[in-house]
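Beneath this line is the structure, given in structure tokens, with notes to follow.
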Amino acid sequence: MSLLGVDLAVTWHAGVRRGSTASEPPIQVHHASDDLVILRQSLAVSYEAPFLYLLFGADRALLFDSGATLDAERFPLRHTVDELINGWLARHPRDGYGLVIAHSHAHSDHVAADPQFADRAATEIVGHDASDVAQFFEIADWPTSPGSIDLGGRVIRVVAIPGHEPSSIALYDEQTGLLLTGDTVYPGRLYVRDFPAFAASIERLRDFADAHPVTAILGAHIEMSTRAKRDFPLGSTWHPHEASLPMTVGQLRAISDATAGVAGKPGAYRFADFAIYNGPSRGAIARELVRLAWWKLLGR
Ligand SMILES: [Zn+2]
């Protein structure tokens, strides 16, 4: 798949089978374009295996999320990002270059490595509360009004999408048409904590996608397999045949329709390309633990 010079055709590492040792690097680095790097934390380091995005502008880069692990030995994010920025600066020499670290939301699998950057020069780390996020991106009226950040000739639009978590945001990159949606829209289990907020956020995203050219929607995890309605068990570190990371505006509309369909009905619901967990769904989580135990018994 090639979208405006962005290469999203990646085979992501499948993680580690039970009983075997990890042979994949702790971070998989994919150069989607000269100005966009997609990083994925290895399933062998964390079953969450989040995706992180590094976008380069003329004046500064933006890292969207810092992963699930603080320990730099096991998860050398700072080292990796420094090398990527140094490489970019070697190709695009300039004096002074900043880094902004922002987050799709404040859950620990998206902010854990922030402290690795604490002493980094010319680096701003956005705070974790909705008020911090609103202030940084100049969102006047959270969550309904838009925000933005200019990385230098590259404007990133910010859409507030609370519901999975109170500080959730999506980023829209005008340069590529990519919409980065964190844990709100991705091929996996969409955990809804505040249903009315989530439903409104999905509508906000849908309206945004109707008003802007969206080339692909990229979330922060993959939990679905290539088989419809079939996800990997929660906690599994082996993901053979994952669904593809990019989603379409059509799939966003399907999530929007599904969300409307489960309003007022707590529980876990599976759809072809995603699942919606409306509320705590204790029964569904217990079922996941049984599935994981079975998955491991099968040697996966
Ligand atoms: Zn997450």
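Atoms within a ligand are numbered from 1 in the order they appear, just like the ligands themselves.
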**Prompt:** His107 and Glu165: side-chain donor and acceptor closer than 3.5 Å?
**Reply:** no
**Candidates Thr181, Asp65, Thr184 - the one meeting side chain to side chain donor-acceptor pair (under 3.5 Å) with Ser104** = Asp65
**Prompt:** Using the benzene-type ring in the case of Trp, are the ring centres of His221 and His239 under 6.0 Å apart?
**Reply:** no
**Asked** Are Tyr97 and Trp88 close enough that their ring centres sit under 6.0 Å apart?
**Response** yes
Does [X] bring an N, O or S atom to under 2.8 Å of the Zn ion (ligand 1)?
| X | result |
| --- | --- |
| His221 | yes |
| His110 | yes |
| Asp109 | yes |

**Prompt:** When you measure from the Zn ion (ligand 1) to each N, O or S atom of Asp183, which atom gives the shortest distance?
**Reply:** OD2
